[in-house]
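Heads up: the structure comes next, in structure tokens.
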Amino acid sequence: MKKLLFALLASVLSLAFVPQAKAQTTDQGTYSIGVVTALLEQTTVQLQDNTGYTQKLSVREKDNGVTRIIQVGSENLPVDSSHLYKVGQQVVILAQKDEQGQLQYDIVDQYRVPSLLWLLAGFFAIVIAVSLLKGFTSLLGMCISMLVILFFMVPQIIGGANPVTTSIIAAGIISAIIIYFGHGFHYRSHVALFCMLVTLGFVGLLSHYVVQWTYLSGGGEETATYLQFLGLQNVNLQGLYLGGIILAALSVLDDSVISQVSVLYQLKQVKKEISFRELFDRGMEVGRDHISTLVNTLILAYAGSSLPLFILFTLNKTQPAWLSLNDQLVAEEVVRTLTGSIGLVLSIPLTTLIAAYVIHRKHRNLSQK
């Protein structure tokens, strides 16, 4: 077992060793990775409200070893202190032709992929170290779920398929992967999967009618609207929005449904003579506590991801609060959060009822044999 764990940890940590990035040519120019080798000059530009900076850097491209002298910021457009570069830092270089046809090199961003992969490797290692084989199978299920989204769901939607239908099919596949990879193949997993699919179907149906009721087009987010400018006119933005609601609900359903099934199973194991009614009632007591946690989790997760939007609306004194709430961007987030939350709350009594019946009947049949 120790050898297996060591092999798994080693394979996960190997993700952190990123191969050398190669230059990639796009419509905007050629992107490559470079390393700042020297700070040749740095000046301070005093602005009206704060201080700006300009830098002249020596940067070596990693793919060909050529050193470039690159200017960051200018007297008219300086950068703030958070955009200053230091020796040894990896950066993204963009090479593009100017009006005279000469190549001009600019630093467009920090190169942060290795840091992200180290973080991912650390997450994998901690999950496996704490949960051992069960953690590994859960991570495997997570990776397969991402493959379903990337290689089934996304291509289908880009190809013009109905986003709602595609999302429901993908959610069903992902639900099975999450349940069986993470919790094993037994009757409790079957119950959890059934309850998840019923809840997702309800969330999809509820979201459809609420979106029609509130006249949402799905184009509130800039990212969704940007798809139209990429030539993807055949993508139904409203359907895409509904599909996103279904996937968002799925992200929390696993926890609530599996927890309820596990609680009822353990109650029956501890008190084998417990009646169906008592099993359901005690399960609902735990479920009510879970509901309060879920509601707070969803609201706080929304507030955390949309904090800049909250601040913007608070500072905007030029329009009334009801007008801000009526904005499609805000309305879409409210509908997404509340419809998903309604589905999650209703999943508790549904799961408790079905799981209590199946577990009670299963143990009664076993005791009669």
Side-chain angles (χ1 to χ4, degrees), residues 16-123 220-227 229-230 302-318 324 327 329-330 333:
F17 296 94
V18 190
Q20 294 295 325
K22 302 296 183 182
Q24 297 289 326
T25 301
T26 67
D27 294 338
Q28 292 78 31
T30 301
Y31 289 90
S32 61
I33 310 303
V35 179
V36 178
T37 56
L39 174 59
L40 304 178
E41 182 182 322
Q42 179 171 310
T43 60
T44 302
V45 180
Q46 194 62 44
L47 303 176
Q48 184 176 359
D49 298 325
N50 56 8
T51 302
Y53 302 90
T54 67
Q55 287 182 314
K56 182 180 291 186
L57 305 171
S58 173
V59 183
R60 186 183 72 254
E61 292 186 74
K62 296 185 71 174
D63 60 337
N64 56 26
V66 177
T67 298
R68 312 286 183 186
I69 305 301
I70 301 178
Q71 179 75 26
V72 177
S74 64
E75 292 290 332
N76 297 326
L77 193 62
V79 298
D80 57 33
S81 57
S82 63
H83 290 84
L84 292 177
Y85 297 95
K86 57 185 179 182
V87 175
Q89 189 170 0
Q90 297 189 78
V91 294
V92 179
I93 303 171
L94 171 61
Q96 55 185 347
K97 292 183 179 180
D98 56 20
E99 296 178 354
Q100 289 74 35
Q102 300 295 320
L103 278 177
Q104 181 177 339
Y105 295 87
D106 296 294
I107 295 176
V108 294
D109 206 350
Q110 289 91 357
Y111 182 52
R112 54 182 65 94
V113 172
S115 301
L116 296 178
L117 289 179
W118 269 110
L119 181 62
L120 177 64
F123 166 69
E221 287 188 25
E222 289 185 15
T223 307
T225 307
Y226 184 64
L227 292 176
F229 293 100
L230 293 178
Y302 165 69
S305 62
S306 305
L307 192 56
L309 196 61
F310 276 93
I311 296 175
L312 181 62
F313 285 144
T314 302
L315 295 177
N316 188 3
K317 305 297 184 181
T318 60
S324 299
D327 185 88
L329 175 61
V330 178
E333 292 301 327

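Each residue takes its place number in the sequence, starting with 1.
A distance of 9.0 Å separates CD of Gln71 from CD of Gln55, quoted to the nearest 0.5 Å. One finds the CD1 atom of Ile69 at 8.5 Å from the CG atom of Leu57 (value rounded to the nearest 0.5 Å). The structure places OH of Tyr53 at 5.5 Å from OG1 of Thr51, a figure rounded to the nearest 0.5 Å. One distance of note links CD of Glu75 with OG1 of Thr54; it measures 6.0 Å at 0.5 Å rounding. Annotation: the span from Leu84 atom CG to Gln89 atom CD amounts to 9.5 Å, rounded to 0.5 Å. Atoms CD and OH, on Gln110 and Tyr85 in that order, are 4.5 Å from each other to the nearest 0.5 Å.
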Worksheet entry | Working for side chain to side chain contact (heavy atoms under 4.5 Å, CB included), residues Val59 and Thr67 | CA-CA 5 Å; Val59 183; Thr67 298; over 6 Å; no
Practice prompt. Go through the steps for Tyr111 and Val91 under the test side chain to side chain contact (heavy atoms under 4.5 Å, CB included), then give the verdict.
Written response: CA-CA 5 Å; Tyr111 182 52; Val91 294; 5.7 Å; no
Worksheet item: For Ser82 and Asp80, what are the C-alpha separation, side-chain angles and deciding distance, and is it a side chain to side chain donor-acceptor pair (under 3.5 Å)?
Response: CA-CA 6 Å; Ser82 63; Asp80 57 33; 2.6 Å; yes
Worksheet entry | Pair Val72-His83, side chain to side chain contact (heavy atoms under 4.5 Å, CB included): steps then yes or no | CA-CA 9 Å; Val72 177; His83 290 84; 6.0 Å; no
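The two residues Gly34 and Ile93 have their closest heavy-atom pair at CA-CD1, 3.9 Å. The heavy-atom pair separating Ser32 from Glu61 by the smallest distance is OG-OE1, 3.0 Å. The two atoms that bring Gln90 and Pro114 nearest to each other are NE2-CG, 4.3 Å, heavy atoms only.
Judged by distance alone, the side chain of Asp106 and the main-chain N or O of Val108 form no donor-acceptor pair under 3.5 Å. Within the 3.5 Å criterion, the main-chain N or O of Thr37 finds no donor-acceptor partner in the side chain of Ser58.
Atom CZ of Arg68 is surrounded by more than 12 heavy atoms from other residues, nucleotides or ligands within 6.0 Å.
Proximity of Val35 to Lys62: side-chain heavy atoms (C-beta onward) are separated by under 4.5 Å at one or more points.
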